[in-house]
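Structure, as structure tokens:
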Amino acid sequence: MEMTMQLSRTLKGQEEIFNLGHTLRPRHRQILFSVGSGISFAELRNKMPNCADLETLVSELLQNGFIQPLRNKAAATQASASAATAPAPRRSAAGLENARGYVLEFMATLVGTKSPRLPADERSARHGWL
């Protein structure tokens with residue numbers, strides 16, 4: 001296996017890690033966790049120097065669709081960065097006003113619109129004025 005090959009988890013690999021699939025053996029899960037969103041085989045080997053059969057385990061993960069080779073790391077990094085910095089969709093002022101009205105009505109129903117009035121001596125005691 002090429003030391004420069006870039007590896008990343010697939011959707012199936014993400015589900016295995018984050019949805020507690022537990023269909024893999026512990027060593028496979030450890031490798032899958034270490035791969036993350038992108039790592040070269042050389043970096044993976046450096047992370048796991050005591051794993052003698054790393055190449056075999058990685059090949060099994062590739063064949064079973066838990067990880068995939070990336071074309072190049074720069075393209076993957078650029079794609080994830082552009083997705084993260086994409087502008088939020090524009091909202092109309094009328095839609096925001098409707099949402100504001102709904103929240104205010106909900107809060108008024110939940111909490112009420114009248115503030116409880118405490119007797120003067122109780123207010124003073126709460127604020128340490130006595």
Side-chain angles (χ1 to χ4, degrees):
M1 184 169 293
E2 283 185 41
M3 296 300 263
T4 59
M5 183 191 322
Q6 296 292 321
L7 304 167
S8 72
R9 278 189 225 131
T10 61
L11 184 59
K12 184 178 179 181
Q14 295 280 33
E15 289 174 358
E16 174 68 26
I17 293 292
F18 296 111
N19 294 338
L20 306 174
H22 298 296
T23 59
L24 294 174
R25 295 185 313 222
R27 199 60 150 168
H28 284 98
R29 284 183 62 81
Q30 183 181 11
I31 293 169
L32 187 59
F33 187 79
S34 296
V35 166
S37 61
I39 189 172
S40 71
F41 184 72
E43 291 170 320
L44 186 60
R45 175 146 328 264
N46 289 339
K47 274 187 173 183
M48 305 179 76
N50 298 328
C51 186
D53 55 345
L54 181 66
E55 189 168 342
T56 305
L57 296 172
V58 168
S59 294
E60 290 173 5
L61 289 170
L62 280 165
Q63 288 174 353
N64 293 326
F66 289 100
I67 60 176
Q68 65 185 357
L70 290 177
R71 296 291 177 228
N72 61 14
K73 191 172 185 174
T77 306
Q78 185 180 21
S80 64
S82 65
T85 59
R90 303 279 304 176
R91 306 255 194 260
S92 69
L96 289 176
E97 189 58 36
N98 288 341
R100 180 180 174 276
Y102 173 78
V103 170
L104 289 175
E105 184 179 327
F106 175 78
M107 292 302 296
T109 304
L110 183 68
V111 179
T113 56
K114 295 185 179 179
S115 174
R117 181 98 177 149
L118 297 175
D121 57 339
E122 196 173 327
R123 275 186 288 168
S124 299
R126 267 200 182 166
H127 296 291
W129 295 335
L130 290 179

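These numbers come from a predicted model, not from an experiment.
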Side-chain touch Cys51/Asp53, heavy atoms, less than 4.5 angstrom: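 A side-chain contact under 4.5 Å exists here.
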Pairwise side-chain contact, Leu7 with Ser40, heavy-atom cut-off 4.5 Å (strictly under):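 Side-chain contact under 4.5 Å: no.
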Polar side-chain atom of Thr10 near backbone of Phe66 as donor-acceptor pair, under 3.5 Å: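 It does hold such a pair.
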Check: Arg9 side chain, Leu32 main-chain N or O, donor-acceptor pair, under 3.5 Å: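 Side chain of Arg9 to backbone of Leu32: a pair is present.
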Connected via hydrophobic side-chain network under 4.5 Å: Phe18 and Ile39: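 Hydrophobic grouping puts Phe18 with Ile39.
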Heavy-atom pair with the smallest gap, counting every atom of Lys47 and Ser34: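 Heavy atoms only, the tightest pair is NZ-O, 3.4 Å.
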Taking every non-hydrogen atom, the tightest pair across Arg45 and Leu54: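 Taking Arg45 first and Leu54 second, the nearest heavy atoms are CA-CD2, 3.6 Å.
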Chi angles and distances behind the side-chain contact (heavy atoms from CB on, under 4.5 Å) call for Val58, Phe41: CA-CA 9 Å; Val58 168; Phe41 184 72; 4.0 Å; yes
For the atom pair [atom1] ([X]) and [atom2] ([Y]), what is the distance rounded to the nearest 0.5 Å?
{"X": "Arg27", "Y": "Gln30", "atom1": "CZ", "atom2": "CD", "value": "5.0 Å"}
{"X": "Met48", "Y": "Ile31", "atom1": "CE", "atom2": "CD1", "value": "4.5 Å"}
{"X": "Ile67", "Y": "Gln6", "atom1": "CD1", "atom2": "CD", "value": "12.0 Å"}
{"X": "Glu16", "Y": "Leu11", "atom1": "CD", "atom2": "CG", "value": "12.0 Å"}

Verdict with supporting geometry, Ser8 and Leu70, side-chain contact (heavy atoms from CB on, under 4.5 Å): CA-CA 7 Å; Ser8 72; Leu70 290 177; 3.5 Å; yes
Glu15/Lys12 ion pair, N-O < 4.0 Å: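 No, Glu15 and Lys12 are not salt-bridged.
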